[in-house]
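Structure record follows, encoded as C-alpha cells.
Bear in mind the structure is a predicted one, so any value in this text is a computation, not a measurement. Note that these values count all heavy atoms, side chains included, but never hydrogens, waters or copies made by symmetry.
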Amino acid sequence: MTKILRLILGDQLHHGHSWFQKVDASVHYVMMEIRPEATYVRHHIQKIIAFFLAMRAFAQSRQEAGHIFHYYALNDPENRQSLEGNILQLIEKEGFTHFEYLLPDEYRLDKQLQEISQSLPIPARADDTEHFLTSREALGHFFKGKKTYLLESFYRDIRRRFQILMEGDEPLTGRWNYDAENRRAYDGKVPIPSPPLFDRNVEELVAMIEKAGIPTLGHLNAQCFPWPVTREESLQTLYFFVEKALPFFGTYQDAMVPDEPFLFHSRLSFALNTKLLSPMEVIQAAIAAWEKQPAQIHIAQLEGFVRQIAGWREYMRGVYWANMPGYAQKNYFEHQAELPHFYWTGETRMQCLSQAIGQSLSQAYAHHIQRLMLTGNFALLAGVHPDAVDEWYLGIYIDAIEWVEITNTRGMSQYADGGLVATKPYVSSANYIDKMSTYCRNCYYDKKKRYGPKACPFNSLYWEFYERHTDKLARNARIGMAYRNLQKMDSDEKAKIMAQAQFYRQNLNSL
Ligand code: FAD
Ligand code: SF4
C-alpha cells in the first residue's frame, strides 16, 4: 500500500499549494525545528522566533483542515536534529513507501535534499513550491551569454507574460517606469501610518531557544512579538499596506527618518519569503487598491511597488540560481577587512549607522536604502570582506534567506560579482545621506568636511575607494564623473583626503 511522507521546510508555508487541495489519509507531512537550521549563522532572535511561530501555526492550520502532520519541536526528545535523521526515523516508524519534498530556495538545502533522497531506502521526488512567477532557470535562459543582467528587460518580460498593468504588449498607462517621480526625502507633510504590530507573548519559545543554547543576536520584547506569522496576520498586513502606505510608497521609498523604521514600506518580506503570501496576490491586492482609489494612489506609487515584487524579487532569485555555488565566493575588489565591531552593537558616533544598526538590532528590520546606502555603503567603502558582510545580513534581518540576501548583499550592495547585478557600485559620500535623511543634523561628524577633526568618514572613504579601485572602475561609463572629479582635484587636497581615509580604515572600530 502506498504511504507518502512529504517534507515542508520552514520557508515553504504555502497554504494554497496543490499538495493541500485534498485530504488524503495515505499522505503524511513532516515539519521540524532543527538545530543546524537555527545555527548555520547567528540569527536575530526575532527571526528564529518568527520562523518557529509561523511553522507551528502553519502545521496547526493544515491539521485543522484534516491533513496529517508530524511536527518536531526543537526540544522534542524524539527530534534527531537533522533532516535526514528525522525522515529516516519516520520511515522506520510509520512504514512510508515514498518520500516527497518541495524544491528548496537555497542551494545548500537543495544539495542536501538531493543527497538525502539518494540515500533513502524508498523512492523520492521533488515538486515545485508553486510560489514564484518564474522558474529557477528562467533568468539564466533569458540572459544566456550576457555579462550583465539588466533588470528592466527581465521585468518587462514578466509584465508582458503575466499581463500585469498591461494592455496587450504595451504598459497600461503608456509608461513602464516611474522611478523619476519616486524617491524623495521625507518632508513630514504626510503622517506616517502605524503598521499593525501583533503582540504575541513568546516567553516560552525564548526560554526553549535559550535552554537549547542557540546563539542569537539582537533584541526582543518577549511579551509582544510584532511580526505577522500566520496567513491571517500576513493578509492583514497586506491590506493595511495597500490602503494606508501604498499611496506614498514610491515617493518616500528611499527616505530615511530617525526612529521611523518602517515609513511607508510594506513589512511583507517575511510573509512573502516564507510563502504565507504569494507574489501574485500581493501584486493583485496593490492593483485592486489602485483601481478602487485612483485619486489617492498615483500609478507611480503602484508601479514602484510592483517593480519590487515582479521585478527585483524574481530577478534576484534568477541571479542566484544562475550563479550558485560560485556566487558565494565572489570578491571582485579582493576586500579583506573585518566587519567593524559596531555592526553588532550600533555603538558608533556615525549617527546614520548608529540609527540603522540600532534599529536592525531592535526590529530585525531596515528598509532597502538603509541596507544599501548606509550599512552596505560603509562596508564597501571600508573594504570589508564580502563573507563577513553576508554573514551579518543573513543573520540580522527577519527576511534573510540566502537566495535573496546574498544577491542583494554580495551583488547589489558589495559589487563583489564585478557588475553582474549592479551597473556601478552603490557608494556615496555624506551628500546623498544628507539629501535623503536628517541623520547628519545630530551627528558627531561634520557632513561637509573631507579631512581634519570630525570629518565625516563617508567623505574621505568615498574618494579613496575610487582611487584604490581605479583599475577596476575607471572605464565604467556610469562613474566617469567621479573619476573626472578625482583627476581635477588639487593634489594637496587629494593627499589629505587619502591620508584621512587611510587613518579611518586603520581605526574602523573607533569611529
Ligand atoms: P518594501 O520596501 O515594502 O518592498 C516590497 C517587497 O518587495 C519586499 O517585501 C520584497 O519582497 C520585495 N523587494 C524589494 N526590494 C527587493 C530586492 N532588492 N530584492 C528582492 N526583493 C525585493 N530582501 C529580502 O527579502 N531578504 C533579504 O535577506 C534581503 N537582504 C538585503 C540585503 C541588502 C544589502 C539589500 C540592499 C537589500 C536586501 N533585501 C532583502 C531587499 C529589501 O531591502 C527588502 O526586501 C525590504 O527591505 C523588505 O522590507 P519590506 O517588506 O518592507 O519591503
Ligand atoms: Fe553619517 Fe556622515 Fe551624516 Fe554623520 S555626517 S550622519 S557619519 S553621513
Side-chain angles (χ1 to χ4, degrees), residues 41-42 106-107 147-151 254 312-313 315-344 348 350 352-353 356-357 360 366-397 399-429 432-433 457-458 460-474 476 478-479 482 501 504-505 508 511:
V41 69
R42 185 185 281 264
E106 274 173 278
Y107 184 83
K147 277 201 189 136
T148 323
Y149 302 158
L150 268 188
L151 164 84
D254 289 6
W312 280 109
R313 190 165 182 270
Y315 169 86
M316 289 308 199
R317 175 163 181 266
V319 169
Y320 181 78
W321 283 104
N323 292 283
M324 281 299 280
Y327 207 75
Q329 269 80 51
K330 301 238 181 257
N331 187 359
Y332 183 63
F333 293 125
E334 296 170 44
H335 282 166
Q336 301 297 333
E338 286 175 15
L339 193 71
H341 253 337
F342 55 76
Y343 273 73
W344 304 103
T348 163
M350 291 181 278
C352 53
L353 286 179
I357 296 168
S360 303
H367 70 64
H368 186 70
I369 290 302
Q370 294 174 307
R371 297 186 203 195
L372 187 66
M373 297 312 293
L374 296 180
T375 42
N377 182 8
F378 189 82
L380 180 55
L381 293 178
V384 178
H385 196 297
D387 283 358
V389 188
D390 258 336
E391 189 191 338
W392 186 78
Y393 278 98
L394 192 54
I396 201 160
Y397 291 117
D399 51 36
I401 303 180
E402 193 189 61
W403 65 270
V404 57
E405 175 281 322
I406 200 171
T407 41
N408 272 293
T409 301
R410 213 169 265 258
M412 180 183 273
S413 157
Q414 300 300 295
Y415 202 79
D417 61 8
L420 191 71
V421 165
T423 50
K424 67 178 177 74
Y426 281 98
V427 286
S428 84
S429 62
Y432 171 84
I433 297 170
F458 279 88
S460 54
L461 290 173
Y462 172 78
W463 290 112
E464 197 253 359
F465 168 82
Y466 278 128
E467 176 77 355
R468 191 159 29 110
H469 294 304
T470 302
D471 56 331
K472 291 190 163 137
L473 295 174
N476 183 329
R478 289 207 63 204
I479 40 184
Y504 281 156
R505 293 224 296 132
L508 288 175
L511 292 176

Review point. If only atom types and distance count, is the side chain of Q414 paired as donor or acceptor with the main-chain N or O of G376 below 3.5 Å?
Key: yes

Review point. Aromatic rings Y466 and Y462: how do their planes relate, parallel, tilted or perpendicular, breaks at 30° and 60°?
Key: perpendicular

Review point. Would one find more than 12 heavy atoms of other residues, nucleotides or ligands at under 6.0 Å from atom CD of Q336?
Key: yes

Review point. Is N377 reaching over with its side chain to a backbone N or O of S428, donor-acceptor style, under 3.5 angstrom?
Key: yes

Review point. Who pairs with S460 by side-chain hydrogen bond (donor to acceptor under 3.5 Å, both in side chains), at least two apart in sequence or on another chain?
Key: none

Review point. Can any side-chain N or O of T409 pair as donor or acceptor with the backbone N or O of I406 at less than 3.5 Å?
Key: no

**Study point:** Short side-chain to backbone donor-acceptor contact, R371 and A366, under 3.5 Å
**Key:** yes

Exercise for review: For the pair F333 and F465, evaluate ring-ring contact (aromatic ring centres under 6.0 Å, His included) and give the outcome as yes or no after the intermediate values.
Suggested key: CA-CA 10 Å; F333 293 125; F465 168 82; 5.3 Å; yes

Revision key, fill the gap. Separation between CG (N408) and NE2 (H368), nearest 0.5 Å, reads 6.0 Å

Check your understanding: Could you give all pairs that pass the side chain to side chain donor-acceptor pair (under 3.5 Å) test and reach residues 321-331, with sequence neighbours left out?
Key -> Y327-D417

Practice item. Measure the shortest side-chain to side-chain distance between D390 and E405 over non-hydrogen atoms and say whether it is less than 4.5 angstrom. Key: yes

Check your understanding: Between Y149 and V421, does a side chain to side chain contact (heavy atoms under 4.5 Å, CB included) hold up when you go through it step by step?
Key -> CA-CA 6 Å; Y149 302 158; V421 165; 5.8 Å; no

Exercise for review: Would you check if there is a donor-acceptor pair between the side chains of S413 and Y426 at a distance under 3.5 Å?
Suggested key: no

Review point. Would a distance-only check, ignoring hydrogens and angles, find a side-chain to backbone donor-acceptor pair under 3.5 Å from T375 to Q370?
Key: yes

Practice item. Kindly write out the residues that satisfy ring pair (Phe, Tyr, Trp, His ring centres under 6.0 Å) with Y315, not counting sequence neighbours, or none if the list is empty. Key: W312

Exercise for review: Using the test ring pair (Phe, Tyr, Trp, His ring centres under 6.0 Å), find all partners of Y332 that sit at least two apart in sequence or belong to another chain.
Suggested key: Y415

Practice item. Mind checking ring pair (Phe, Tyr, Trp, His ring centres under 6.0 Å) for H385 and listing every partner two or more places apart, or none if nothing turns up? Key: none

Exercise for review: Test side chain to side chain contact (heavy atoms under 4.5 Å, CB included) on R410 and D387 and set out the steps.
Suggested key: CA-CA 8 Å; R410 213 169 265 258; D387 283 358; 2.4 Å; yes

Point to revise | side chain to side chain contact (heavy atoms under 4.5 Å, CB included) involving R505 - partner list, sequence neighbours excluded | key: L461, E464, R468

Exercise for review: Mind running side chain to side chain contact (heavy atoms under 4.5 Å, CB included) on F378 and Y343 for me, showing each step along the way?
Suggested key: CA-CA 11 Å; F378 189 82; Y343 273 73; 3.6 Å; yes

Check your understanding: Side chains of M350 and F458: closer than 4.5 Å at any heavy-atom pair?
Key -> yes

